[in-house]
Amino acid sequence: MRKLLPLIGTPSGSHPGGRSAMTCRFRCGDACFHEVPNTSDNEYVGDVIAGALSRRSMMRAAAVVTVAAAGAGAVTVGAAPEAQAAPGAGKGHGPAKPKGARGLRFTPVAPNKEDAVVVPDGYRQNVVVRWGEPILRGAPAFDPERQSAKAQAGQFGYNNDFLALLPLPGERDRQLLVANHEYTDEVLMFRGYDPANPTREQVEIAWAAHGLSVVAVEEDRRTGKLTVVNRHHLNRRVTATTEFRLTGPAAGSDLLKTSADRTGRKVLGTLNNCSGGTTPWGTTLHGEENFNQYFANSGRATDKRYGIGTGATERKWERFDKRFDVSQEPNEVHRFGYVVELDPYDPDSTPRKHTLLGRFKHEAATVRLTRDGRPVVYTGDDERFDYFYKFVGSKRMKKGSGRAAREHNLSLLDEGTLYVAKLTGDSPAIEIDGTGKLPADGEFDGSGVWIPLVTADAHGAVSHVEGMTAEEVCVFTRLAGDKVGATKMDRPEDIEPNPHTGKVYVALTNNSNRGVGANAPADEANPRNANKHGHILELTERWNQADATKFAWSLFLVAGDPKDPATYFAGFPKESVSPISCPDNVAFDDHGNLWISTDGNALGTHDGLFGVATAGERRGELKQFLTVPNGAETCGPVVQDRRVLVAVQHPGEIDGASVENPASTWPDGPGKITRPAVVAVWRADGRDIGV
């Protein structure tokens with residue numbers, strides 16, 4: 001295992017956000033240990049927030065007292081997590097009717113380090129599908145000692161992340177599960193794996209384990225259990241070698257042409273699919289995130305802006321396919337980093353990569369419609385000091401499932417305008433010192449604008465960025481954001497509009513580099529220097545119109561131990577909330593509650609899934625619903641009336657772990673290889689979640 005260089009300001013051997021060195025290597029190519037790619041002078045979002053936290057605490061003191069009295073019976077997880085360990089582990093007897101906002105009435109799971117998925121009292125769970133389970137006709141049963149690329153191409157992929165559950169009309173008790181497979185942990189997949197000398201078979205298995213899975217699942221109405229429907233006609237695998245179609249202004253550009261594709265319109269595979277979204281027209285969107293780590297031997301400044309290295313890669317794929325060697329195929333890397341669209345109802349369809357949504361480390365792609373039926377897509381760039389974006393389509397969605405309507409709707413993301421966000425605080429810079437001191441105006445919010453980058457229609461595309469063509473904006477979107485002065489953020493990950501209110505929530509996972517050394521300090525949109533726990537912003541589009549070019553923002557949640565005065569939970573009493581660190585994926589339930597999954601818990605306990613009320617007297621009441629096993633990250637999530645689904649990603653991903661020396665025995669127990677998997681959770685009494 002190669003030696004890692006310590007992050008500036010981080011003790012040698014420690015990792016930002018509580019991640020292991022293994023996670024940093026395999027998931028994002030040690031992104032936090034490299035020089036920050038964004039060296040622009042753009043305003044930093046931390047400079048936008050700083051003193052707001054203490055101001056809100058003061059302004060809402062009276063309200064807090066009132067709510068605290070009303071919620072006196074709430075479980076005080078933040079104050080005494082040890083006392084809740086037994087009930088949280090499902091071994092005690094929680095209150096018959098736990099208090100909380102509707103949809104969040106469950107006894108919180110206490111922070112823990114159990115090598116299991118721990119759920120609240122009165123709830124049950126099952127593993128829906130594991131890495132390697134056959135889902136296509138003819139695929140063999142999983143055998144880790146005799147795995148092959150051919151077998152893996154017909155089996156559920158590795159490291160499941162984004163999940164979607166879609167209806168299957170006419171098929172009672174069945175739904176269609178769509179999953180991202182972000183990356184592979186070869187050292188946890190192959191016995192005797194040699195990182196310096198992977199074999200071709202191991203590399204080809206990894207190619208087949210990346211990508212997407214589509215699999216039908218069936219509910220047992222008696223128990224709530226979900227199981228895979230093998231050989232269903234819609235089951236599908238998309239891998240690192242599946243053909244994709246490039247669309248939008250950059251398609252056909254010289255920037256996308258390679259020796260294997262002289263047209264610049266076809267590309268093999270999708271890589272590092274992290275979060276995503278579903279569309280109102282029945283497709284799924286998948287964000288290609290840390291694609292940079294798969295490409296070797298680059299020396300270009302444009303590649304450096306994307307974190308692409310000058311030497312060999314961790315997985316050594318460039319040894320087996322020259323397209324991963326930038327020195328041999330300089331344009332192949334330009335064909336990754338997009339939002340992918342898949343039609344899960346047509347297993348023969350060609351997935352698309354939409355260049356008009358920009359090229360960067362996409363985290364999520366969530367959709368809402370304008371009042372006249374045009375799509376708006378929110379997506380973040382998961383990098384320290386990078387930006388978040390919005391696409392506004394110019395074509396209206398057509399209703400119906402006929403061929404003409406589906407073909408029209410599959411083109412909706414190829415015409416419209418891509419914007420990047422610029423946030424402004426309303427306090428003088430001199431009042432923002434990074435300590436949380438209240439600014440003179442007593443406000444903890446600000447305003448923002450969406451800056452246009454590129455517009456495309458049926459007749460062509462126009463760049464709004466001086467010195468860049470439309471094609472260049474789509475391929476080098478980070479540089480376009482630099483040029484127009486977008487606001488630097490703390491790893492903007494999942495972005496989700498609330499279907500009840502229209503407010504948009506942005507998960508900012510962490511940034512331990514903020515305020516360290518020469519890096520930008522805290523500001524009015526980020527309340528802390530050395531931000532290892534992250535926070536969540538709440539945005540309101542002007543007039544609540546999705547296509548607005550202006551918005552207001554405020555801080556909704558500042559993560560961390562509730563005992564820490566720097567934390568904030570929308571004004572809710574902090575002694576009555578669960579500790580949370582590193583918010584990542586988010587989703588909404590039908591009650592308007594925000595559900596947050598975490599990645600890299602820096603509080604010393606396992607990652608989990610949390611629910612928090614966004615409105616009413618319990619706004620800010622945050623409760624932990626589950627935790628995941630050793631080394632795992634909580635992904636997904638999907639929250640339905642009667643079921644919650646999470647993707648348990650990279651269990652056992654702890655420094656020093658291997659097939660021979662596992663750090664987790666989940667999900668199948670001692671003597672079995674640890675396997676990423678999807679888990680379903682439901683109430684034992686069959687009633688709706690949290691009511």
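Note that the structure is predicted; figures quoted are calculated from it, not measured.
- Scored by the side-chain contact (heavy atoms from CB on, under 4.5 Å) test, A365 finds L285, V339, V377 as partners (sequence neighbours excluded).
- For R319, the CZ atom counts as densely surrounded, since its 6.0 Å shell holds more than 12 non-hydrogen atoms of other residues, nucleotides or ligands.
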Open item on the list: Determine whether H210 and Y183 satisfy the following criterion, side-chain contact (heavy atoms from CB on, under 4.5 Å), listing intermediate values before the conclusion.
Closed with: CA-CA 6 Å; H210 278 69; Y183 67 100; 4.1 Å; yes

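- Atom NZ of K398 and atom CD of E407 lie 11.0 Å apart (nearest 0.5 Å).
- Q649 and D161 share a donor-acceptor pair across their side chains, judged by distance under 3.5 Å alone.
- With respect to the salt-bridge test (charged N to carboxylate O, under 4.0 angstrom), the residues R374 and D547 qualify.
- By the 4.5 Å heavy-atom criterion applied to side chains, P344 and L166 are counted as neighbours.
- A centroid separation of less than 6.0 Å is found between the aromatic rings of F295 and F336.
- Proximity of F244 to T270: side-chain heavy atoms (C-beta onward) are separated by under 4.5 Å at one or more points.
- Considering only heavy atoms from C-beta on, L413 stays 4.5 Å or farther from L356 through its side chain.
- The backbone N or O of E363 lies less than 3.5 Å from no partner atom in the side chain of D382, so there is not a single donor-acceptor pair.
- For T355 against A251, the heavy-atom pair with the smallest separation is OG1-N, 4.1 Å.
- Nearest approach of M189 to A209, heavy atoms of both residues: CE-CB, 4.3 Å.
- Side chain of R384 to main chain of D490: no donor-acceptor pair is present (N/O by atom type, distance under 3.5 Å, no hydrogens or angles).
- Under the 3.5 Å distance criterion, the side-chain polar atoms of R237 are matched with a main-chain donor or acceptor of Q155.
- If you run ring-ring contact (aromatic ring centres under 6.0 Å, His included) between W450 and each of Y389, Y419, F388, F391, only F388 comes through.
- Between W131 and Y158, the angle of the ring planes goes over 60°, which puts this pair in the perpendicular group of the 30/60° scheme.
- Taken from CG in L357 to OG1 in T379, the straight-line distance is 7.0 Å, to the nearest 0.5 Å.
- Here the side chain of R236 pairs a donor or acceptor atom with the backbone of P347 at under 3.5 angstrom.
- T469 places none of its side-chain heavy atoms less than 4.5 Å from the side chain of S463.
- Look at E288 and K353 and you find a salt bridge, because one of the NZ, NE, NH1 or NH2 atoms lies within 4.0 Å of a carboxylate O, short of that distance.
- L177 contributes atom CG, which lies 8.5 Å from atom OG of S213 (distance to the nearest 0.5 angstrom).
- Between the side chains of T417 and T455, at least one donor N or O sits under 3.5 Å from an acceptor N or O.
- In this structure the side chain of H354 reaches within 4.5 angstrom of the side chain of D414, judged on heavy atoms.
- No side-chain donor-acceptor contact under 3.5 Å links D185 to the backbone of V187.
- Between G416 and S394, the shortest heavy-atom contact is N-OG, 3.7 Å.
- Classification of E466 and K483 as a salt-bridged pair fails, no side-chain N sitting under 4.0 Å from a carboxylate O.
- Look at R478 and D386 and you find a salt bridge, because one of the NZ, NE, NH1 or NH2 atoms lies within 4.0 Å of a carboxylate O, short of that distance.
- Ionic pairing of E318 and K322 is not present here: no N-O contact between side-chain nitrogen and carboxylate oxygen is shorter than 4.0 angstrom.
- A donor-acceptor pair under 3.5 Å links the side-chain atoms of Q152 to the main chain of F156, judged by distance alone.
- With contacts defined as side-chain heavy-atom distances shorter than 4.5 Å, the pair E341/T283 qualifies.
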Task: V367 vs T278, side-chain contact (heavy atoms from CB on, under 4.5 Å): CA-CA, chis, key distance, verdict - done: CA-CA 7 Å; V367 184; T278 60; over 6 Å; no

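- Panel note: side chain D599, backbone T509; no donor-acceptor pair is recorded below 3.5 Å.
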- [ ] List the steps and the verdict of side-chain contact (heavy atoms from CB on, under 4.5 Å) for R675 and F142.
- [x] CA-CA 11 Å; R675 298 162 73 178; F142 178 66; 3.4 Å; yes

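- Between the NE2 atom in H408 and the CZ atom in R396 there is a gap of 10.0 Å [rounded to 0.5 Å].
- Under the 3.5 Å distance criterion, with hydrogens and angles disregarded, no donor-acceptor pair is assigned to the side chains of R323 and Q328.
- The six-membered or imidazole ring of H181 lies away from that of W207, with a centre-to-centre distance of 6.0 Å or more.
- Annotation: the span from H232 atom NE2 to L136 atom CG amounts to 12.5 Å, rounded to 0.5 Å.
- Listed for the K257 side chain is no donor-acceptor partner under 3.5 Å among the backbone atoms of R265.
- Here the shortest heavy-atom pairing between W317 and A206 reads CZ2-CB, 4.0 Å.
- Here the side chain of H650 pairs a donor or acceptor atom with the backbone of G631 at under 3.5 angstrom.
- At least one donor-acceptor pair closer than 3.5 Å links the side chain of Y338 to the backbone N or O of H334.
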TODO: Given side chain to side chain donor-acceptor pair (under 3.5 Å), test E186 with Q202 step by step and report yes or no.
DONE: CA-CA 8 Å; E186 282 80 352; Q202 289 169 337; over 6 Å; no

- [ ] Mind running side-chain contact (heavy atoms from CB on, under 4.5 Å) on Y306 and T477 for me, showing each step along the way?
- [x] CA-CA 10 Å; Y306 283 84; T477 314; 4.3 Å; yes

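- Considering only heavy atoms from C-beta on, K266 stays 4.5 Å or farther from R245 through its side chain.
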TODO: Tell me, with the steps shown, if S298 and D303 meet side chain to side chain donor-acceptor pair (under 3.5 Å).
DONE: CA-CA 7 Å; S298 172; D303 288 341; 2.5 Å; yes

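- Contact detail for L342 and V238: the closest heavy-atom pair is CD1-CG2, 4.2 Å.
- Here the closest heavy-atom approach between residue L271 and residue A240 is recorded as CD2-CB, 3.9 Å.
- With salt bridges taken as basic N to acidic carboxylate O contacts below 4.0 Å, none links K395 and D457.
- Residues R491 and D584 have side chains not in contact (no heavy-atom distance under 4.5 Å, counting atoms from C-beta outward).
- Separating the CG atom in N585 from the OG atom in S275 is a distance of 4.5 Å, to the nearest 0.5 Å.
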